[in-house]
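Worksheet: the structure to be examined is printed underneath.
As the structure is a computational prediction, the values presented were derived from the model and not from experiment. Start at 1 and go down the list; that is how both ligands and their atoms are numbered. Atom set for the values below is all heavy atoms of this structure, side chains included, hydrogens, waters and symmetry mates excluded.
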Amino acid sequence: MRNNKPIFVTKPSLAPLKEYTKILKEVWRRGVLTHNGPLVQSLEEKICRKFGLNYFVAVSNGTIALQMAIKALKLKGEIITTPFTWIATISAIKWQGCQPVFCDIDRHTLNIDPAKIESLITPLTTAILPVHVFGNPCDIEGVEAVAKKHKLKVIYDAAHAVGSTYKGKSILKYGDISAISFHATKLMNTAEGGGCVAKNRKLYEKLKCIRFFGYNDQKNMVEEGFNGKMTEVHAGLGLANLRYYNKVLSDRKHKCLYYRQKLSSLKFISFQECKTNETNYSYFPVIFDSEKRLIAVKKKLNAKRIFPRRYFFPSVNTYTKNDNYRPAPISESISKRILCLPLYWELKVDEMKKIIKLISK
Ligand code: T4K
């Protein structure tokens with residue numbers, strides 16, 4: 001019997017529909033759909049409790065979370081960031097009227113290389129915006145030492161990193177603000193959604209106002225805001241999914257370790273260097289020795305209806321629309337050779353075996 005079901009790079013992890021519809025019934029009964037409703041507040045509380053946070057504001061998506069972070073910190077001028085990321089990191093910087101300055105990555109961790117930041121600092125630099133790529137914590141100590149020395153703000157793009165830790169605590173506790181994504185493809189999802197974790201109450205209050213057109217709880221206009229609100233329908237899905245978070249995380253870990261064990265003997269493949277107790281295993285990237293080999297493997301997998309993804313390709317510093325092109329040789333080289341393999345709750349061991357076999361041949 002031929003199984004023709006396509007295998008995509010990921011599939012959302014979803015709580016049983018019954019549990020979600022139960023929550024939706026409450027929404028219908030109340031008639032409150034948005035504007036900081038009870039489910040949004042409950043999701044914020046539960047996220048804080050789960051990850052040991054104090055100041056979390058849920059918003060409509062991860063891109064808005066990044067823009068709100070830049071706005072709340074009143075950043076202007078140049079922001080030093082990584083070229084090995086999703087375009088949203090860069091578009092958020094540009095939409096807030098700032099200029100991204102690309103700092104190359106470490107070839108092992110795939111995160112921004114703190115040793116290369118200092119030479120990029122100019123009188124216009126106001127912040128550093130690293131990404132915890134694929135949930136792998138970046139060198140926070142290194143980044144923060146440079147930031148402290150030059151009095152720069154730090155925003156972490158933690159879109160992939162809900163559940164990752166650094167030195168024993170949630171990764172979201174570092175920096176001035178961490179911006180997270182709850183997109184459908186993320187470990188913890190609300191379909192679309194995200195949030196900002198602030199380091200103090202003042203920033204938290206400011207972010208809440210920015211999310212709601214600039215109004216505070218007394219309906220006084222106190223900030224230049226916009227609409228970053230999360231709806232009750234999305235928060236409800238988040239509450240249902242959050243109950244399964246630990247199960248999803250341990251399943252991912254198990255699958256990543258399995259892939260790694262089975263693929264590690266292949267001479268033409270290497271892996272992102274991660275600390276197993278700190279990453280959240282949200283993606284499984286493999287790095288090939290050449291782009292030619294990556295293309296050949298991808299073609300072979302696609303022919304069997306298996307669709308891994310080239311996250312992140314191309315390196316965003318090479319996009320022609322980004323003015324002031326600055327080379328980032330490591331990011332440009334890795335981008336051409338990296339492929340994220342299918343990884344999600346419903347992925348079966350037999351399907352993984354098939355993927356491993358096709359790559360290994
Ligand atoms: N910073 C970083 C570092 C990011 O990676 C991202 C987003 C952001 C910031 C911004 O966060 P958000 O504003 O998005 O919250 C995805 C996501 O749209 C995006 O959230 C994510 N990063 C980026 C890395 O990937 P695509 O282009 O992969 O989506 P798509 O539609 O091709 O989906 C991939 C696979 O997932 C499909 O083949 C099938 C499956 N899928 C997808 C969706 C949306 C489903 O089964 N169901 C679904 O509903 O972008």
Using a cut-off of under 3.5 Å, which N/O atoms of ligand 1 pair up with protein N/O atoms, and what distance separates each pair?
{"residue": "ligand 1", "atom": "1 (N)", "partner": "Asp157", "partner atom": "OD1", "Å": "3.2"}
{"residue": "ligand 1", "atom": "1 (N)", "partner": "Asp157", "partner atom": "OD2", "Å": "2.7"}
{"residue": "ligand 1", "atom": "5 (O)", "partner": "His160", "partner atom": "NE2", "Å": "2.7"}
{"residue": "ligand 1", "atom": "13 (O)", "partner": "Gly62", "partner atom": "N", "Å": "3.3"}
{"residue": "ligand 1", "atom": "13 (O)", "partner": "Thr63", "partner atom": "N", "Å": "2.9"}
{"residue": "ligand 1", "atom": "13 (O)", "partner": "Thr63", "partner atom": "OG1", "Å": "2.6"}
{"residue": "ligand 1", "atom": "15 (O)", "partner": "Gly62", "partner atom": "N", "Å": "2.8"}
{"residue": "ligand 1", "atom": "15 (O)", "partner": "Ser181", "partner atom": "OG", "Å": "2.7"}
{"residue": "ligand 1", "atom": "18 (O)", "partner": "His183", "partner atom": "NE2", "Å": "3.3"}
{"residue": "ligand 1", "atom": "20 (O)", "partner": "His183", "partner atom": "ND1", "Å": "3.4"}
{"residue": "ligand 1", "atom": "20 (O)", "partner": "Lys186", "partner atom": "NZ", "Å": "3.0"}
{"residue": "ligand 1", "atom": "22 (N)", "partner": "Lys186", "partner atom": "NZ", "Å": "3.1"}
{"residue": "ligand 1", "atom": "27 (O)", "partner": "Arg309", "partner atom": "NH2", "Å": "3.0"}
{"residue": "ligand 1", "atom": "28 (O)", "partner": "Arg309", "partner atom": "NH1", "Å": "3.3"}
{"residue": "ligand 1", "atom": "28 (O)", "partner": "Arg309", "partner atom": "NH2", "Å": "3.3"}
{"residue": "ligand 1", "atom": "28 (O)", "partner": "Tyr311", "partner atom": "OH", "Å": "2.2"}
{"residue": "ligand 1", "atom": "32 (O)", "partner": "Arg309", "partner atom": "NH1", "Å": "2.6"}
{"residue": "ligand 1", "atom": "36 (O)", "partner": "Thr10", "partner atom": "O", "Å": "3.3"}

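Clustering ILVMFWY residues whenever any of their side-chain heavy atoms sit less than 4.5 angstrom apart, transitively, puts Leu237 in the very cluster that holds Val162.
Evaluation of the side-chain contact (heavy atoms from CB on, under 4.5 Å) rule for Lys304 yields Ile306, Lys354, Leu358 as partners, not counting sequence neighbours. With sequence neighbours left out, the side-chain contact (heavy atoms from CB on, under 4.5 Å) criterion links Ser119 to no other residue.
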**Message:** Please evaluate residues Lys50 and Asn246 with respect to the criterion side-chain hydrogen bond (donor to acceptor under 3.5 Å, both in side chains), reporting the C-alpha separation (whole Å), side-chain torsions for both, the decisive distance (0.1 Å), and the verdict.
**Reply:** CA-CA 10 Å; Lys50 179 140 199 72; Asn246 288 355; 3.0 Å; yes

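Using a cutoff of 4.0 Å between basic side-chain nitrogens and carboxylate oxygens, Arg310 and Glu291 are scored as salt-bridged.
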Could you pull out every donor-acceptor pair under 3.5 Å between side chains of residues 71-80 and any protein atom, sequence neighbours left out?
{"residue": "Lys71", "atom": "NZ", "partner": "Glu224", "partner atom": "OE2", "Å": "2.8"}
{"residue": "Glu78", "atom": "OE1", "partner": "Thr122", "partner atom": "OG1", "Å": "2.8"}

